[in-house]
Amino acid sequence: MPDRADPISAMPPGDSSADSSVAFSADSLGHSSIDPDPAPASGSAAQAAFLVCGLGSLGQHCVINLKTFGVPVYGVNDAQPEQWETAQVPDLIDHLVIGDCRSSEVLERAGVHHCRAVLLVTQDERVNLEAALTARVLNPQVQLVMRSGQQNLNDLMEQQLDHFVAFEPTQLAAPAFALEALGDTLLGYFTLEGHRFQVVRQRLEAGHPWCRHRPLHELNSRQRRLLSHHRPQAGDEKVSPAQVSPSALFYGWQPHDLLQPGDEVVCLDCDSPPVQAASPMAREDQGRLARRGQKRGQGQGDGPAIHQGAQWTALRDRLVRWWQGGETPNPIRQVAMLCGGTVAGLCLLGTALLDANAPAEMSRFEAFLLTFITLFGGYGDVYETLAEFDHPRLLQSFGVVLTVAGAAFVGVLYALLTEKLLSLRFEFMERRPPVPERDHVVVIWLGRVGRQVISLLQDLKQPVVGIMPQMVDTDLLPTIPLLTGDIATALERANLGTAKSVVAVSDDEIQNLELGLMAHRLNPHCRAIIRTYDQRFTNRVAQIFPFTQAICASAISAEAFAGAAFGEDVIALFRLHHQTVLVTQYTIEAHDTLNELLLSDIAYGYGVVPVWHQRPNHTGQVMPSEDTVLYPGDRLVVLASIQGLRRIEQRQLAPKVWAVEVEAALTADAGFDGASEIARITGLNLGTARQFMAQIPGTIPQPLYHHQALRLVRHLRRVRVQARVVSF
């Protein structure tokens, strides 16, 4: 992870050699004047710029999010953008170049030589790839963030290139659609090292075991973290959230507040990975096989008569099962077997008769061929030959019987075979399960996003139905009910009246709105989630149709692209209180803004939630202790908003404005134990902590965050030391 404390000095874009590109300044867009070829900022405060190639919806949202970090942002687009996501976007672009981003000259004019990262987010994946390779040639150290849906190619590129990451916006946004469809309970879902994490919202009812018995801080455990707490009509707080954490999402709750009926809590829960052992069913099967082997060994000493009787019984049972074709009788199978047996019998009988009456020079095989030809309609071909046999009239009459019987039975066999083939075809086409009766999710349009939404819902064991206007490949999601044809008719057949939600994710946001409104008309109680592409359109839909959940995929995924531009490893994302939370992984380096900090300082100072910590060559820890100190090589995964990532990038730790006043030690050992607790929670040197405890009463000479100070007081009281939290 790059050093986030030392900004890189920015250099001006390349020279203005003539080419097909055109540089635009902000005044040409009707805004304040900015030099199209800006000079580098003087002094060490200059910052490296970030270049965004492709100013569509995703690119403009990337510009907006990058600007929250306070860095220069340059842009390249093949034409003057016709539509801006917000009116402020042109003002946010410090330098705009019109041209082909695959061109070396265009990238040089855009200043790629002095950029820290290049975001390649055009809608053409080939253009993104070519531009990425060109940018890497011009600046071998630049961070490349590419938009691409070729997962295999992305993995290969990441293995071969340093400072390279590729995302597909639909893959980042699909979980938001899936989770929104589940309602207000499950807000987030991701996996990490075999552990499954779920962000769950819960409203406490009267009689809940947590109500009036547990303070908020007790909800935190080795498998759970409290993210937010809301109490309807709560009174004025004694401590403002700004004094607790810089984050508006996390830690805005008071640890000692008792939970009350009606309270709403959002927690991150972690399920332990499954134990690699045989399941109870497998163990039962193993025991059954062992007992069966013991019985088989015990029976080896029995007499041969018993053994032969068992063989005949087993053979008879197999014949019966073969005749029935399974546990239940199959009439079609039985008729087919009867017809086949009759034809074979007639063929053998005819061969025997012809062989008995044939001339001496005719072999038995020739007799079989004559019988076979007669049986399958070739009586006219063998009629003259039969006159040479003994008893020719009898054999010619028997040939007529063979012809009639063969025509009848072979016709039956052909009919049964045709019926079987047709039934297999229809069974193959209609092998999908039936439409659920209630509490299911209806996904309209099974494009890339729709298929990913369905896959996520299936992982979460949710009943789902897919709808497409035309027939699709039978191998496409074969384990779900799939309806095709007119969508209005399909919605009625999808049991929409009892459905939980409808997700419309076609490539046309107007069509998605129409489908959402249609679903709401048929069932006003189901949730309507629609996919949009324009943030202004999204805002208008949310204002006018509050019953819909309009999600702009570009706005959600752009935050991950912006975070990756700073070298962050974004694992997943989800929505919490209308904000995007990024699950971000850090590998600590020597000059990092996280190095040698307590996790409590990182959590409350930067406003993030640590959920995973791992030392080099050690097993990782879920929900690590706040007393853990980070060192180079450590791996840390946190929940953070885009503002949290910005604070980490710029080392903007919130000020510590609280302290702990120690009044007295109640026992002889309390002073020793109290010093250990102070050193562990505050990070003070153990000798300094013991020296302080020898001089109490007094205030610990170390400022703390509010949650950190309250936790220290709780631990001091456990070791019989009286203390309280005071303003520093």
Side-chain angles (χ1 to χ4, degrees), residues 179-180 182-189 197-271 500 525 527 546-547 549 574-579 581 600 603-604 607-611 622-623 625-626 639-641 644 654 657-658 660 681 704-718 722-727:
L179 294 171
E180 195 68 40
L182 297 179
D184 297 330
T185 302
L186 184 61
L187 304 181
Y189 167 80
F197 293 82
Q198 292 185 344
V199 181
V200 181
R201 189 201 321 257
Q202 188 173 6
R203 186 177 297 276
L204 305 183
E205 304 292 340
H208 194 282
W210 290 353
C211 291
R212 299 190 178 93
H213 298 289
R214 302 189 67 177
L216 290 175
H217 71 84
E218 290 187 3
L219 295 185
N220 290 330
S221 66
R222 294 183 178 180
Q223 302 295 329
R224 183 193 301 121
R225 281 291 182 269
L226 176 63
L227 300 183
S228 70
H229 168 252
H230 173 68
R231 177 168 298 165
Q233 300 178 352
D236 295 334
E237 301 287 351
K238 295 181 180 179
V239 180
S240 65
Q243 294 177 283
V244 175
S245 167
S247 172
L249 283 175
F250 313 122
Y251 310 116
W253 43 273
Q254 302 305 312
H256 291 101
D257 283 355
L258 291 178
L259 290 162
Q260 302 292 336
D263 285 6
E264 181 181 277
V265 294
V266 178
C267 296
L268 175 68
D269 295 325
C270 176
D271 295 337
K500 179 188 299 183
H525 301 291
R527 298 170 63 87
F547 53 84
Q549 301 294 326
F574 60 90
R575 301 282 289 175
L576 175 61
H577 300 320
H578 306 290
Q579 295 190 48
V581 177
S600 56
Y604 307 127
V608 299
V609 181
V611 299
V622 174
M623 312 301 182
S625 170
E626 295 182 0
L639 306 183
S641 63
V657 296
W658 299 92
V660 172
I681 295 177
L704 302 171
Y705 294 108
H706 189 247
H707 284 250
Q708 189 181 17
L710 291 175
R711 179 169 174 265
L712 176 57
V713 169
R714 292 195 301 269
H715 282 262
L716 289 176
R717 289 176 179 174
R718 291 175 187 173
Q722 291 184 345
R724 64 189 183 96
V725 177
V726 296
S727 298

**Item:** Verdict with reasoning, Leu219 to Trp210, per side-chain contact (heavy atoms from CB on, under 4.5 Å)
**Value:** CA-CA 9 Å; Leu219 295 185; Trp210 290 353; 3.7 Å; yes

**Residue pair Val200, Thr185: steps toward the side-chain contact (heavy atoms from CB on, under 4.5 Å) verdict** = CA-CA 6 Å; Val200 181; Thr185 302; 4.0 Å; yes

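Around the NE2 atom of His525, the shell of radius 6.0 Å holds no more than 12 heavy atoms that belong to other residues, nucleotides or ligands. Within 6.0 Å of atom CZ in Arg214, more than 12 heavy atoms from other residues, nucleotides or ligands are found, so the atom counts as buried in its surroundings.
With hydrogens and angles left out, the side-chain atoms of Ser641 and Gln579 include no donor and acceptor closer than 3.5 Å. At a cut-off of 3.5 Å, with distance as the only test, no side-chain donor of Glu626 or His707 sits close to an acceptor on the other residue.
A salt bridge is absent between Glu180 and Arg575; no separation between the charged side-chain nitrogens and carboxylate oxygens falls under 4.0 Å.
Annotation: the span from Cys270 atom SG to Arg222 atom CZ amounts to 13.0 Å, rounded to 0.5 Å. Atom CZ of Arg224 sits about 12.5 Å away from atom CD of Gln198, to the nearest 0.5 Å. If you take CG on Leu182 and CZ on Arg527, they are separated by 9.0 Å, rounding to the nearest 0.5 Å.
Under the side-chain hydrogen bond (donor to acceptor under 3.5 Å, both in side chains) test applied with Asp263, the options His230, His208, His229 reduce to a single match, His229.
Between the side chain of Asn220 and the main chain of Leu226, a donor-acceptor pair closer than 3.5 Å is present.
Ring geometry for Tyr604 versus Tyr251: interplanar angle over 60°, hence perpendicular rather than tilted (30 to 60°).
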